[in-house]
Amino acid sequence: MTRPATLPAGATDDGESPPHPAWLPAEAFRALGTRRVLVHGDGPLVDTVFAEVARACAAHGGRAGRTGTGATSGDAPPVGPVDVALALRTTGGLPSAVPAGASAVPGPDDGPLGDEGFLLTRVDDVTVVLADAPAGLLYGLFHLVRLGESAYVGDHPPRAHRPALRRRMLDHWDNVAVHPVMGQVERGYAGGSIFWRDGAPHGDRDRLRAYGRLLASMGVNAISVNNVNVGLTEARLLTDRLDDVVDLADLLRPYGIRVHLSVTFAAPVVLGGLPTADPLDDGVRDWWESTTRRVYARIPDFGGYVVKADSEGQPGPFSYGRDHADGANLLAAALAPHGGVVHWRAFVYDHRQDWRDRTTDRARAAYDHFAPLDGRFADNVVLQVKFGPVDFQPREPVSPVIAAMPATRLAVELQVTQEYTGQQWHACYLAPWWREVLAFRPWGAAERSVADVLADVPGPGPRRGGDLVAVANVGDDPFWCGHPLAQANLYAFGRLAWDPGLDPGALLDEWIDLTFPASTVGDPALVRETLHAVLDDSWRTYERYTAPLGVGFMVNPAGHYGPGVDGYEYSRWGTYHFADRDGVGVDRTCATGTGFAGQYPQPWSQVYESLERCPDELLLFFHHVPYSHVLHSGVPVIQHIYDTHFAGVEEVVAMRDRWTRLAGVIDRAVYDRVVERLDEQLRCATEWRDQVNTYFFRKSGVPDAKGRHIY
């Protein structure tokens with residue numbers, strides 16, 4: 001099944017079109033821009049803050065002023081009182097316009113604001129944002145934009161805002177040269193790359209600046225600008241094409257974004273002409289150290305390297321009889337003097353599996369490879385672990401690696417680009433799924449969550465802290481993400497990376513208020529109601545009409561779009577469901593299966609091992625059961641498959657019908673694009689329903705108890 005090929009709304013024949021403002025339209029700045037605003041402080045990021053404030057005030061009739069040694073004669077502060085002050089506390093004391101009561105510091109239990117935190121308060125009719133470093137002032141500005149008019153009403157007691165995680169990062173799987181199979185962007189569903197085009201830089205510098213602004217507004221502070229599957233052209237970004245990376249770093253730096261590069265482990269061979277890339281070879285070590293010094297000489301705030309090694313054909317330390325700790329520590333040593341990190345991906349498994357061998361289990365692979373290495377990784381190695389043990393499926397358990405490596409710094413990797421969740425043709429709001437992952441408590445209900453592990457909250461298990469990383473979903477489509485509603489996923493990722501405890505429904509409200517300001521739509525209440533009706537349950541809707549009960553991977557192998565129930569069943573990739581005439585599911589128990597359930601600490605190892613206790617939504621991930629097996633819901637497995645697939649299609653019909661109420665209420669281009677996408681979602685969901693239901697009816701011979709038509 002292929003997706004329709006259509007010219008994006010608003011695009012010209014050469015593919016160029018101005019991008020949609022996403023959640024930062026000019027109108028979103030009205031509340032700030034109508035007021036008298038003072039910016040106090042120095043430095044490039046403070047320059048960015050003042051430029052944003054000045055633009056908002058020019059558009060909406062307010063007045064912007066600036067103090068600090070960086071202020072010029074054209075930046076004279078407002079005469080008299082101000083309504084808003086954004087001030088660095090480290091620049092020669094606070095200006096007199098800041099009320100004395102606003103200088104309160106966080107309480108002793110709150111700790112310092114840090115490099116990115118800020119303090120928000122409102123005293124004597126002045127709204128004040130204070131920060132100890134310029135990045136904090138930048139994030140404080142965008143917090144004011146999110147709050148809108150509510151930031152300027154009543155009193156706000158001093159409250160400190162800090163990111164829970166140090167690094168909040170997007171990985172772009174963009175190819176510099178067009179790949180013959182994967183194209184310009186691997187797993188890209190929103191057009192071409194915003195960085196590269198046909199082997200050269202894209203050239204749209206305004207769009208790149210706009211992208212940096214979007215990232216900063218949601219709290220992202222790092223990106224990797226090329227694919228983890230590094231080809232020869234992409235490898236050269238590290239050496240003779242470094243100028244291209246310097247240019248990207250210069251464009252994104254004003255919004256606090258640090259650039260990282262995906263590099264090939266074989267770089268000393270393919271770029272340096274060495275006979276080996278052995279991580280214990282002195283010449284290899286010297287090559288990485290000298291190459292890394294040259295990178296930092298050009299990009300002093302360079303973030304570091306992202307590495308996919310010994311995975312799906314990518315080169316790595318296994319070729320030299322070494323392990324992943326040897327490989328990661330080689331690059332970490334080169335980066336350490338400069339403050340850089342290496343994100344070493346844990347997506348390593350046997351991709352030439354024999355489908356006949358049921359003892360081999362792809363889900364086990366990351367734990368088996370990496371858990372024995374805990375304690376051997378350098379301090380600036382970040383082991384980047386996919387949130388689940390397989391591959392970004394709509395439903396799978398949280399990876400046991402997260403609980404297995406207390407002496408290793410971790411990053412949890414999400415996928416904002418919707419590879420297995422509709423590829424941005426289907427409306428599928430993923431924040432509720434990510435929130436479940438981040439809230440999962442590997443050691444039991446009274447212990448720490450995954451988010452706590454990443455934030456280094458005291459408790460059992462890992463204590464190194466970590467990052468939240470996601471595969472980006474942005475392209476050069478006018479709507480950034482192909483589907484205008486997929487912007488909500490990008491926004492929610494950044495906000496959850498800043499604060500993993502945020503509520504997905506509240507984040508959706510934030511995105512709606514910013515993207516569709518009340519003054520720009522015909523019926524704000526209807527817009528909010530409709531977007532919630534379409535998106536709130538859309539992830540579970542997608543789950544209902546695709547692979548059931550956590551079994552996963554019933555997708556078409558040619559692109560991972562649409563149903564292919566047996567598409568991977570006899571393949572080398574290790575993604576099986578083992579459906580036969582008697583039942584379906586993968587036995588991953590310790591008693592009779594692959595033993596994967598035993599990789600979890602208690603109580604989850606016992607819960608997943610037990611057929612009686614295993615959650616319904618993961619039943620087929622952990623157990624092979626007869627079609628007659630009765631779920632906790634009281635419904636047999638086969639009837640659950642039928643019911644959910646019929647229900648999923650009905651829900652998409654309702655989504656499409658609800659959206660039509662916005663005709664003439666919102667921007668026509670956005671409305672039309674979503675109509676196009678919902679029509680395709682309904683067609684594809686129907687195909688999923690009919691293929692999955694027919695497949696299991698023919699396998700089981702059990703008819704639908706409700707008598708609905710199955711082919």
Side-chain angles (χ1 to χ4, degrees), residues 164-167 323-325 328 343-349 361-377 379 381-393 395-415 433-470 496-497 500-501 550 552 586 588-590 593-610 613-615 617-618 621-622:
L165 309 179
R166 177 180 178 182
R167 195 170 291 101
D323 60 31
H324 288 285
H343 283 85
W344 190 272
R345 298 182 80 238
F347 185 54
V348 178
Y349 67 99
D361 185 0
R362 174 169 167 175
R364 289 186 57 104
Y367 184 105
D368 288 343
H369 278 292
F370 288 96
L373 302 177
D374 187 40
R376 287 194 47 215
F377 291 97
D379 287 344
V381 172
V382 182
L383 186 63
Q384 189 163 311
V385 183
K386 289 191 178 187
F387 74 83
V390 180
D391 195 6
F392 298 133
Q393 296 303 292
R395 176 77 72 172
E396 54 182 297
V398 172
S399 172
V401 177
I402 298 169
M405 305 193 70
T408 303
R409 194 177 302 279
L410 300 176
V412 170
E413 183 179 271
L414 308 175
Q415 193 181 46
W433 180 207
W434 298 335
R435 183 70 187 93
E436 284 193 17
V437 170
L438 293 167
F440 179 74
R441 297 181 181 274
W443 298 277
E447 302 295 346
R448 295 188 305 159
S449 67
V450 170
D452 292 336
V453 171
L454 298 181
D456 201 16
V457 173
R463 282 301 314 278
R464 302 298 304 279
D467 307 337
L468 196 65
V469 180
L496 284 170
V586 185
R588 291 189 164 103
T589 66
C590 295
T594 69
F596 170 73
Q599 292 184 340
Y600 289 86
Q602 293 185 14
W604 290 105
S605 58
Q606 297 171 334
V607 170
Y608 294 146
E609 180 79 11
S610 167
R613 298 176 64 192
C614 185
E617 65 269 18
L618 292 173
F621 192 96
F622 284 100

### Message
With no hydrogens and no angle check, just 3.5 Å: does a side-chain donor-acceptor pair link His369 and Asp323?
### Response
no
### Query
Which heavy atom in Val390 sits nearest to a heavy atom in Ala363, and how many Å separate them?
CG2-CB, 4.2 Å
### Query
Got Phe596 and Tyr367 here, is their nearest side-chain heavy-atom distance under 4.5 Å?
no
#### Entry: Aromatic Tyr608 / basic Arg588 pairing, under 6.0 angstrom, 45° off normal
no
### Message
So which atom in Glu396 and which in Gln393 form the shortest heavy-atom distance, rounded to 0.1 Å?
### Response
OE2-N, 2.9 Å
### Query
Counting distance only, does the side-chain N/O of Asp374 pair as donor-acceptor with the main-chain N or O of Ala407 below 3.5 Å?
yes
### Task
Flag the pair Asp379 and Arg409 as a salt bridge only when some basic side-chain nitrogen lies within less than 4.0 angstrom of an acidic carboxylate oxygen.
no
### Enclosure of Arg166 CZ (heavy-atom neighbours >12, cutoff 6.0 Å)
no
### Message
For Trp443, is there any backbone N or O sitting under 3.5 Å from a side-chain donor or acceptor partner on Gln602?
### Response
no
#### Entry: Beyond-backbone contact of Tyr600 with Pro397, side-chain heavy atoms, under 4.5 angstrom
yes
### Task
Give a yes or no on whether the backbone of Val469 and the side-chain of Asp467 come within a donor-acceptor separation of less than 3.5 Å.
no
### Task
With the side chain counted from C-beta on, respond yes when Leu165 and Leu468 share a heavy-atom pair under 4.5 Å apart, and no when they do not.
yes
#### Entry: Basic-acidic side-chain contact under 4.0 Å: Lys386, Asp391
yes
### Message
Could you check whether Arg395 pairs with Glu436 (Lys NZ or Arg NE/NH1/NH2 to Asp/Glu carboxylate O, under 4.0 Å)?
### Response
yes
### Side chain to side chain, Leu383 and Phe370, heavy atoms closer than 4.5 Å
yes
### Message
Closer than 3.5 angstrom, by distance alone: can the side chain of Arg345 be matched with the main-chain N or O of Gln384 as a donor-acceptor pair?
### Response
no
### Query
Shortest non-hydrogen contact from Pro442 to Pro601?
O-CG, 3.3 Å
### Task
Side-chain contact test, heavy atoms from C-beta onward, threshold under 4.5 Å: evaluate it for Val382 versus Leu410 and give yes or no.
no
### Task
Tell me whether the centres of the aromatic rings in Trp433 and Phe387 are closer together than 6.0 Å.
yes
### Task
Indicate yes or no: at least one non-hydrogen side-chain atom of Leu454 is less than 4.5 angstrom from one of Pro500.
no
